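Just so we're on the same page: letters track the sequence lines, and every chain starts at 1. Note that the coordinates shown come from a computational prediction; the quantities given were computed from them, not determined experimentally.
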Number of protein chains: 2
Amino acid sequence: MPADEKPSTSVWTRPRPRQREHLTREQIVAEAIRLLDAEGVGELSMRKLGTRMGTAATSLYRHVANKDELIELVVDEVYGELDVPTAPGGTRWRAAVTRTATELRAMTLRHPWIAPELGQVGLVHVGPNAVRMSSALLAQFEAAGFPAHEMDQATGTLMAYVIGIATTEAAYLSQIARSGKTEQEWVTGLRPAFDDATREHPRLRAGSSAQRDAHPQRIRDDNFAYGLDRVLDGLTARLTP
Amino acid sequence: MPADEKPSTSVWTRPRPRQREHLTREQIVAEAIRLLDAEGVGELSMRKLGTRMGTAATSLYRHVANKDELIELVVDEVYGELDVPTAPGGTRWRAAVTRTATELRAMTLRHPWIAPELGQVGLVHVGPNAVRMSSALLAQFEAAGFPAHEMDQATGTLMAYVIGIATTEAAYLSQIARSGKTEQEWVTGLRPAFDDATREHPRLRAGSSAQRDAHPQRIRDDNFAYGLDRVLDGLTARLTP
DNA sequence: TAACTCATGCGTACAGTGTTCGCATCAACG
DNA sequence: CGTTGATGCGAACACTGTACGCATGAGTTA
């Protein structure tokens, strides 16, 4: 019905004079995050984002140069969700670092679509929020007493661990999300295929798979905490020789 | 000139009867890796891959279900490059694990385009080569003396660290490769912008940036080795209480 | 030798993508 | 009132992954 679209003279059918600033960079980024959270990274297209905001796809290009740039903005925006504690003195640095790491992981699991992007922009990506986070983490290690030249390496080690495990988990969760099942259904459903594939590698079939199928999420939490403790153990050993 | 394309009767102009098995799954995967190494992940399209192999794009679909499946195959193929040492007894487990980790990182840096894929398929991806690798690594930790239930968590910790740091490095290297510069040119060229962006976060400006600009690759190597040692320190501590 | 089967290659087509360009609109300003 | 400059948007381009159906010809059977 093109008649509907024609410039009708009636005040009611005529589209509102679309006030300025209806479309801002902030709103676009926010809506993109909402879309990504809801439908995953494969469903983010400029046109789809456009219709969601009630505009044409090409209008977005007035506020954002690229889809790539949009993604950079989006990634930095979720970094902004992190609330990194300021560096405490004494021996409480470990608690602070643990909290930072835990929050970074939680953020990644909240937005699993970020995993492939981290592999593309990495941490070269220097948005303001990412910079703030890195700086705060460095401060925590400095307060712990690491010498200047080692402070860098120590934070790098921690970040690598957290990003590595969170990325792996996020990829796993994305795959589950795409299937529409819950984590438990997915795990128990795939069990026979997995057992079959690893028949010649019995070592891969760890622990009581029954228990593992029951509380997959709890096991992931435990694994994360275990590794984090080991990494921090290894780093702490450098402080008290 | 469509005349050229028409089914000419001459034996010479007529295309060779294209012997069977000209196109195999193995050849497709191999050529895809070559293309990825040469031009990066953004340049891999089925048509481009097709013309490279002297066939039409759609012909590839006789041997590969999807582009996604092709990528799964490609990822597992590069896992096959790894030569994981068999588990040694005694205290030499640490050397073996170190070598495995180093090789895994080297493989990722050889094929930087793999980083975003690892974030998509993660390690849920159970191709035969990936399984072989995981199994061998588990064996190394078992030989080290980890109890059964902890063996899993220990390997997970190590893998997370290696994947995290290698992924970050790979993303960084991909970005450089796309710019056409060398790593040194890139680093020194971006220095002013970086210094500017981190003016309010002086902690981020680590060490003598002059030396850092001179041997960026060596510094990455050192950082990797440092973190790997810390992670292994933390894990070793669990063995001798 | 002749007929048949069926895996393989490929041309065409479709729906969808990111992005460019030029035109229309309209708030703000002189 | 006239001008300017920012903003929205329709149309178009080059490109993507992939479904479909037809042609070919090697291998097998009669």
Does dG17(D) have OP1 or OP2 under 4.0 Å away from a side-chain N or O of Asn66(B)?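 No, Asn66(B) has no side-chain N/O under 4.0 Å of OP1/OP2 on dG17(D).
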Any side-chain N or O of Thr55(B) under 4.0 Å from OP1/OP2 of dG9(C)?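 Thr55(B) to dG9(C) OP1/OP2: no side-chain N or O under 4.0 Å.
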Show the numbers, then the answer: is there a side-chain contact (heavy atoms from CB on, under 4.5 Å) between Glu43(A) and Leu36(A)? CA-CA 7 Å; Glu43(A) 297 304 307; Leu36(A) 284 165; over 6 Å; no
Any side-chain heavy-atom pair of Asp222(A) and Arg218(A) under 4.5 Å: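 Yes, close enough: below the 4.5 Å cut-off.
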What's the [atom1]-[atom2] distance between [X] and [N], to the nearest Å?
| X | N | atom1 | atom2 | answer |
| --- | --- | --- | --- | --- |
| Lys48(B) | dC15(D) | NZ | P | 10 Å |
| Leu44(A) | dT19(C) | CG | C1' | 15 Å |
| Lys67(A) | dT16(D) | NZ | P | 15 Å |
| Met46(A) | dT20(C) | CE | P | 10 Å |

Does this structure show an ion pair linking Arg132(B) with Asp76(B), if we count only N-O contacts that are shorter than 4.0 Å?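 Looking at Asp76(B) together with Arg132(B), the answer is no, because their closest N to O distance does not fall below 4.0 Å.
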Look at all strands and tell whether Leu49(A) reaches a base, only sugar-phosphate, or nothing, counting heavy atoms closer than 4.0 Å.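 Contact class for Leu49(A): none.
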Pick base, sugar-phosphate or nothing for Leu70(B), based on heavy-atom distances below 4.0 Å to the nucleic acid.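 No contact.
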Return the set of residues passing side chain to side chain donor-acceptor pair (under 3.5 Å) with Glu31(B) (not counting sequence neighbours), or none when no residue passes.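 Only Arg34(B), Arg52(B) meet the side chain to side chain donor-acceptor pair (under 3.5 Å) criterion with Glu31(B).
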May I ask you to verify whether the side chain of Arg47(B) and the base of dG17(D) hold a donor-acceptor pair under 3.5 Å?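 Such a pair is found, so the answer is yes.
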Side chain of Ser45(B) only, heavy atoms from C-beta on: which candidate in dT16(D), dG9(C), dG18(C) is closest?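 The closest nucleotide is dT16(D).
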Among Glu72(A), Glu69(A), Glu77(A), the one residue meeting salt bridge (Lys or Arg N to Asp or Glu O under 4.0 Å) with Arg25(A):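 Exactly one pass, corresponding to Glu69(A).
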Which pairs pass salt bridge (Lys or Arg N to Asp or Glu O under 4.0 Å) with one or both residues in residues 155-166 of chain A, sequence neighbours excluded?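 Pairs touching residues 155-166 of chain A that pass the test: none.
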DNA chain D-proximal residues of residues 56-63 of chain A, any heavy atom under 4.0 Å: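 Heavy-atom cutoff 4.0 Å gives Ala56(A), Thr58(A), Ser59(A), Arg62(A), His63(A).
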